[in-house]
Amino acid sequence: MDNFNNSKRSEGNMSEMNDDKTICLLENDPIEEIFALNLGDFLCEHLISPDFAHKISDKVKSKNECLKDQLVELISIYSIDSTLAILGFDSNEDYIIYNSIARTIKLMLSLDKCVIFLAKKDEDIKLAGTSDENTDEKVTSHIEKSYKDEEVIMLNENNKQIIVFPMKNKFECIGAIEITRDIDRPLEAEFIELLKITAGLFVTSLGIQKLIEQVKRVVNAEDVATSELLRLRAQLTAIIGDLGDKQQAFVEKLALAVDLKGKYKNRHSQRTADLSREICNFLKLNEKTTDLIYYAGLLQNIGKITIDEQLFDKKGKLSQEEWDKLQEHPNAGVSLLMNINFMSEVVPYIHYQKERWDGLGKPEGLGGFSIPFGSRIIAVADAYCALTEERPHRAALSNAEALEILKSESAVKWDPNVINALVEMKS
């Protein structure tokens, strides 16, 4: 925008005008650039003299009105439905929210139990939710210590591994999450990292909700200072940025956890995502589409984290019931992804990944070009990576062997254009 400002000044000889007859572009407010999408308001507010602006002021929104509009837009996007609905719950009643989070974490990580404790301002830390209903969990000394010292506590009691994660971000600590698992099956390092990020993400989401309530009150007030609106907008955009960072870290760690639970030794999800991106680049797709397909590739097996990991240890032939559980995994993953706001655009790519070119796939029986292009790319990348990786029931195939299998199924299972691209890349 600085270049645009300078060019406008040189073109209009604005440097020759008196200082009191000009307005500095964007009024030294760089965040305003994000919202200056209405060209009429933008021109009226920033590229004309103050005298002319005053004459037409009845047709131009005031600074406060513009700021209020921007705040309303932000809080409509980052509502509780978009930010707190991270792990699968669908109600804003506290006990349902926290119990649902605890149950989902227990299921995802094959835990014995998960308990959430929260501390409201000027109050002691208390039980907020548990994976096991009708459980009277008390605040123990290690929970107090984790919360007050903002550190992870690990201990072994009664043949159980207990880990307490402080629910904190760079702004505050609001509670702790306690998980329990059998001592002979300790929690994997990847799962520990996922829980750390989940705890921080939840805190940030709650922080946004508190700020949104404050913003609503201010926006509805008739007499409010511009400085207060600017302060709130700065706080809101800052915490939204922090939320975006934590959401991305959450997704990346979640993909690692999926691979771990699925017994993939070669980081299958990451390899699939990387190959999907290579195919996108080879086909010269635009950057945004490539990024979305990359994330979809990273998370295309996300549903597997809710499946009993014993299924992945089995070396023999799966029963029909077991096979059905594995075949349905994308649907469980879609339910989870639908509730991660910034990942919502990748959902269709994952949802239709199991479709076939001939229309005999799942879940909708789409065929040919009716299948989203991202889904067709991920399906081929996933198949190639699976064929070239060692699995419990077979050895890894060579590049040439994998390509021959995929070529034989071209225009049956797979998009022939994607297969041709892969063959050209790998030959």
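Heads up: numbering here begins at 1 and tracks the sequence. All values below were derived from every heavy atom in this structure, side-chain atoms included, with hydrogens, water molecules and symmetry-related copies excluded. Worth saying up front: this structure is predicted, and the values here are computed from it rather than measured.
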Exercise. Ignoring hydrogens and angles, tell me if any N or O in the side chain of Arg185 forms a donor-acceptor pair with the backbone of Ser110 under 3.5 Å.
Key: yes

Quiz item: For Asp124, which residues count as a side chain to side chain contact (heavy atoms under 4.5 Å, CB included) partner, sequence neighbours excluded?
Solution: none

Quiz prompt | Under 3.5 Å donor-acceptor, Asp415 side chain and Phe373 backbone | solution = no

Practice problem: Check the pair Thr130 / Asn99 against side-chain contact (heavy atoms from CB on, under 4.5 Å), numbers first and verdict last. | Solution: CA-CA 5 Å; Thr130 176; Asn99 284 352; 4.1 Å; yes

Quiz item: Considering residues at least two apart in sequence or located in another chain, which fulfil the side chain to side chain donor-acceptor pair (under 3.5 Å) criterion with Lys106?
Solution: Asp132

Exercise. Only counting residues at least two apart or in another chain, list the ones meeting salt bridge (charged side-chain N to carboxylate O under 4.0 Å, His left out) with Glu213.
Key: Lys216

Exercise. Decide side-chain contact (heavy atoms from CB on, under 4.5 Å) for Leu285 and Ile377; before the verdict, give the C-alpha distance in whole Å, the side-chain angles of both, and the deciding distance to 0.1 Å.
Key: CA-CA 11 Å; Leu285 302 188; Ile377 290 174; 3.9 Å; yes

Self-check item: Residues that Lys284 engages under salt bridge (charged side-chain N to carboxylate O under 4.0 Å, His left out), provided they are two or more places apart
Solution: none

Self-check item: Glu157 side-chain N/O to Ile162 backbone N/O, donor-acceptor pair under 3.5 Å
Solution: no

Quiz item: Quick check: does any side chain N or O of Asn169 sit under 3.5 Å from a backbone N or O of Glu172, one acting as donor and the other as acceptor?
Solution: yes

Quiz item: When you look at Phe165 and Ile192, which way does the side-chain contact (heavy atoms from CB on, under 4.5 Å) test go after all the steps?
Solution: CA-CA 9 Å; Phe165 300 86; Ile192 290 176; 3.8 Å; yes

Quiz item: Sequence neighbours excluded, which residues qualify as side chain to side chain donor-acceptor pair (under 3.5 Å) partners of Ser146?
Solution: none

Quiz prompt | Separation between CD of Glu364 and OG of Ser370, rounded to the nearest 0.5 Å | solution = 11.5 Å

Quiz item: Should Phe117 and Met167 count as side-chain neighbours, where that means a heavy-atom distance under 4.5 Å?
Solution: no

Quiz prompt | Option among Leu67, Val72, Asp69 that satisfies the side-chain contact (heavy atoms from CB on, under 4.5 Å) test with Val219 | solution = Val72

Please tabulate, for the side chains in residues 400-407, all donor-acceptor contacts under 3.5 angstrom to protein atoms that are two or more places apart in sequence or on a different chain.
{"residue": "Glu401", "atom": "OE1", "partner": "Ser398", "partner atom": "N", "Å": "2.8"}
{"residue": "Glu401", "atom": "OE1", "partner": "Ser398", "partner atom": "OG", "Å": "3.3"}
{"residue": "Glu404", "atom": "OE2", "partner": "Lys407", "partner atom": "NZ", "Å": "3.0"}

Exercise. For the pair Arg233 (side chain) and Leu71 (backbone), establish whether a donor and an acceptor sit closer than 3.5 Å, ignoring hydrogens and angles.
Key: no

Output a table of donor-acceptor pairs, distance under 3.5 Å, between side-chain atoms of residues 420-427 and any protein atom two or more places apart or on a different chain; print 'none' if there are none.
{"residue": "Asn420", "atom": "ND2", "partner": "Pro416", "partner atom": "O", "Å": "3.1"}
{"residue": "Ser427", "atom": "OG", "partner": "Val423", "partner atom": "O", "Å": "2.5"}

Quiz item: Do the non-hydrogen side-chain atoms of Lys113 and Lys160 ever get within less than 4.5 Å of each other?
Solution: no

Self-check item: Listed partners of Phe282 passing ring-ring contact (aromatic ring centres under 6.0 Å, His included), at least two apart
Solution: none

Exercise. State which residues pass salt bridge (charged side-chain N to carboxylate O under 4.0 Å, His left out) with Glu150; sequence neighbours excluded, sorted by chain then number.
Key: none

Quiz item: Quick one: side chain to side chain donor-acceptor pair (under 3.5 Å) partners of Lys145, sequence neighbours excluded?
Solution: Asp149

Exercise. Please indicate whether Asn158 has more than 12 foreign heavy atoms, meaning atoms of other residues, nucleotides or ligands, lying under 6.0 Å from its CG.
Key: no

Quiz prompt | Sequence-distant partners of Lys413, salt bridge (charged side-chain N to carboxylate O under 4.0 Å, His left out), two or more places apart | solution = Glu409

Practice problem: Spell out, as yes or no, whether a donor-acceptor pair under 3.5 Å connects the side chain of Ser131 to the backbone of Arg103. | Solution: no

Quiz item: Is Arg231 salt-bridged to Glu228, cutoff N-O under 4.0 Å?
Solution: yes

Practice problem: Kindly say whether Pro186 contributes a backbone atom to a donor-acceptor pair with the side chain of Arg181 at under 3.5 angstrom? | Solution: yes

Quiz prompt | Residues forming a side chain to side chain donor-acceptor pair (under 3.5 Å) with Glu178, sequence neighbours excluded | solution = His142

Self-check item: Heavy-atom check, side chain of Gln300 versus side chain of Lys354, under 4.5 Å
Solution: no

Quiz item: Got Val115 and Thr180 here, is their nearest side-chain heavy-atom distance under 4.5 Å?
Solution: no

Quiz item: In Å, rounded to the nearest 0.5 Å, how long is the span from OG1 of Thr204 to CD1 of Ile174?
Solution: 9.0 Å

Quiz prompt | N/O donor-acceptor pair under 3.5 Å between Asp182 side chain and Asp184 backbone | solution = no

Self-check item: Distance, nearest 0.5 Å, that separates OG1 of Thr198 from CD of Glu193
Solution: 10.5 Å

Quiz item: Counting N and O atoms only, with roles assigned by atom type, does the side chain of Glu390 sit under 3.5 Å from a partner on the main chain of Ala395, one being a donor and the other an acceptor?
Solution: no

Practice problem: Evaluate the criterion side-chain contact (heavy atoms from CB on, under 4.5 Å) for residue pair Phe250 and Leu194; output intermediate values, then yes/no. | Solution: CA-CA 7 Å; Phe250 171 76; Leu194 176 59; 3.9 Å; yes

Quiz prompt | Asp274 and Arg277 ion-paired at < 4.0 Å | solution = yes

Quiz item: Under 3.5 Å, side chain of Glu190 to main-chain N/O of Leu256, donor-acceptor pair present?
Solution: no

